[in-house]
Amino acid sequence: MAQVLPAERDLRRVIGDGDTVPDRDVEGVDEQGLLDLYRSLVLLRTYDERSVVYHRQGRIGTYAIYWGHEAIQAGACHALADEDWIFPSYRESAIGLLRGMPPATVLSWWRGHPAGWWNPEDYNLASICVPIGTHVPHAAGLAWGKRLRGETACALAFFGDGATSEGSFHEGANFAAVMRAPLILLCNNNGWAISTPLSAQTRAEALVDKAAGYGIPGTRVDGNDVLAVHEAVREAVARARAGEGPTFVEAVSYRAAPHATADDPTAYIDPEKVEEARANECLGRYEGYLRRVGLLDDALEQEIKGAAAEAMRAGIAAAEAEPPADVGLVFEHALVDPPPSFASDLADLRRILGA
Ligand SMILES: Cc1ncc(C[n+]2csc(CCOP(=O)(O)OP(=O)(O)O)c2C)c(N)n1
Ligand SMILES: [Mg+2]
């Protein structure tokens, strides 16, 4: 009988504080890899900050801010090979940028334009999942399929702390464990599910403890430390490829921004906690690390940030240049055998909109 060991509960860290806590060595990432991670963090941060501005300007719709969670996204994504599949939630809406997706595509998604949808096989990236946790069984199924076909690829599902209370999370995790599916279950524990705090979500001391219930290994990392996330996910990927099944990774962070642009967290979050989280945010910490190891200076930082800002300027221009979608799309893909009322409803809509 397999013995289930307790999950690794101490927060794993690589990046120190530049003072009393030293940086730890991380194996298997060369200088180029360290800078590639930085470019990805900057691109994600720039996308996020510009999106909040675009929302305020009325150029995109409601937007789920991920400010401060870039280390979880980039650290994990860089641990995967291109053949591996990513299943994002709305919190990782821009993860496709790290797989070469144009910013205009993601911006179009938030504009509700069909140009914002892609063929998942083009990027090995599933659709952005808005229902909480429903993509976890999809990811488990895809991973199991890869195993059945004898392929080496694995899948990674991103989800939040709130998702661990959902049935589909349990079903997906258990199924993957039983079938030894090559899956990484990556929980961004940011402490909140909109206004519901973690303390109202679970009686578990740490979310990573849930791993034992599925008989799989679990590890808990500092979600503001891109190198710690990267290291933990790399290990999980190695297990998956070796046929050892899924791993649960709890990345501990804190939601330092509103849940989405439609939320007012001052009604429920202690502003001091938010300030603390903002002071400990992942991009600044990584910049400190890169400067300490001599890989980053002002000129390079400006060059990388300038390129990301330019990519966003071009992205919003391209998204706004998309011709408006035909309103018929609202009905076209809803049902195989549409009822007759669809035709008259669409005719009414065309008349009202003059489209
Ligand atoms: C099945 C389902 N129930 C409820 C919602 C409404 N909802 C949207 S976001 C959210 C909170 C999710 O919190 P968490 O899983 O911690 O992810 P986070 O937003 O913190 O990234 C809820 C309940 C939903 N989208 N789907
Ligand atoms: Mg959460």
Side-chain angles (χ1 to χ4, degrees), residues 40-70 73-74 77 86-132 134-135 138 158-160 188 194 255 257-265 305-334 342 345-346 348-355:
S40 290
L41 279 184
V42 169
L43 186 58
L44 289 174
R45 173 66 56 89
T46 309
Y47 180 95
D48 186 75
E49 291 186 342
R50 292 309 301 162
S51 289
V52 173
V53 174
Y54 296 151
H55 168 75
R56 294 205 177 118
Q57 293 172 341
R59 301 165 84 177
I60 64 170
T62 300
Y63 169 69
I65 305 157
Y66 59 74
W67 197 96
H69 297 335
E70 298 87 350
Q73 302 180 15
C77 194
I86 299 174
F87 287 74
S89 81
Y90 52 83
R91 195 64 76 201
E92 295 80 29
S93 66
I95 195 91
L97 302 185
L98 307 193
R99 284 258 166 110
M101 182 180 285
T105 304
V106 194
L107 288 163
S108 291
W109 192 90
W110 289 107
R111 285 166 63 78
H113 191 284
W117 272 258
W118 60 90
N119 179 350
E121 289 192 331
D122 289 348
Y123 300 97
N124 290 342
L125 175 62
S127 303
I128 298 165
C129 189
V130 177
I132 305 303
T134 57
H135 57 314
H138 302 165
F158 287 101
F159 52 89
N188 172 358
I194 313 184
R255 215 192 66 214
H259 167 75
T261 47
D263 176 39
D264 175 11
K305 290 186 174 169
E310 188 43 45
M312 286 306 295
R313 272 192 287 276
I316 192 72
E320 289 179 330
E322 285 288 344
D326 182 73
V327 293
L329 274 175
V330 173
F331 297 89
E332 257 168 36
H333 298 290
F342 267 30
D345 288 349
L346 177 57
D348 280 351
L349 199 55
R350 288 200 191 285
R351 190 175 40 75
I352 293 163
L353 297 175

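- When the side-chain contact (heavy atoms from CB on, under 4.5 Å) test is applied to Val52, the partners found at least two apart in sequence or on another chain are Arg56, Tyr63, Ile65.
- Summarising the geometry of His69 relative to Arg255, their closest heavy-atom pair is NE2-CG, 4.0 Å, with the distance given to 0.1 Å.
- Counting all heavy atoms, side chain and backbone alike, Trp118 lies closest to Ala126 at CZ2-O, 3.4 Å.
- Glu332 pairs by the side-chain contact (heavy atoms from CB on, under 4.5 Å) definition with Leu329, not counting sequence neighbours.
- When all heavy atoms are compared, the tightest approach of Cys77 to Ile86 is SG-CD1, 3.7 Å.
- The line from CD of Glu320 to CD1 of Ile316 is 4.5 Å long, rounded to the nearest 0.5 Å.
- Judged by distance alone, with hydrogens and angles left aside, the side-chain atoms of Arg50 form no donor-acceptor pair with the main-chain N or O of Met312 at under 3.5 Å.
- Residues satisfying the side-chain hydrogen bond (donor to acceptor under 3.5 Å, both in side chains) test with Glu49, not counting sequence neighbours, are Trp67.
- Contacts of Asn119 classified as side-chain hydrogen bond (donor to acceptor under 3.5 Å, both in side chains), with partners at least two apart in sequence or in another chain: none.
- Here the closest non-hydrogen pair linking Tyr47 and Ala94 is CD2-CB, 3.7 Å.
- Listed by chain and number, the residues in a side-chain hydrogen bond (donor to acceptor under 3.5 Å, both in side chains) with Asp122 amount to none (sequence neighbours excluded).
- At a threshold of 4.0 Å, the pair Arg45-Asp48 does not count as salt-bridged, since none of the basic side-chain nitrogens sits closer than that to a carboxylate oxygen.
- Proximity of a side-chain donor or acceptor of His113 to a complementary backbone N or O of Thr105 within less than 3.5 Å is not detected.
- Evaluation of the side-chain hydrogen bond (donor to acceptor under 3.5 Å, both in side chains) rule for Ser51 yields no partner, not counting sequence neighbours.
- Around atom CD of Gln57, more than 12 heavy atoms belonging to other residues, nucleotides or ligands sit under 6.0 Å away.
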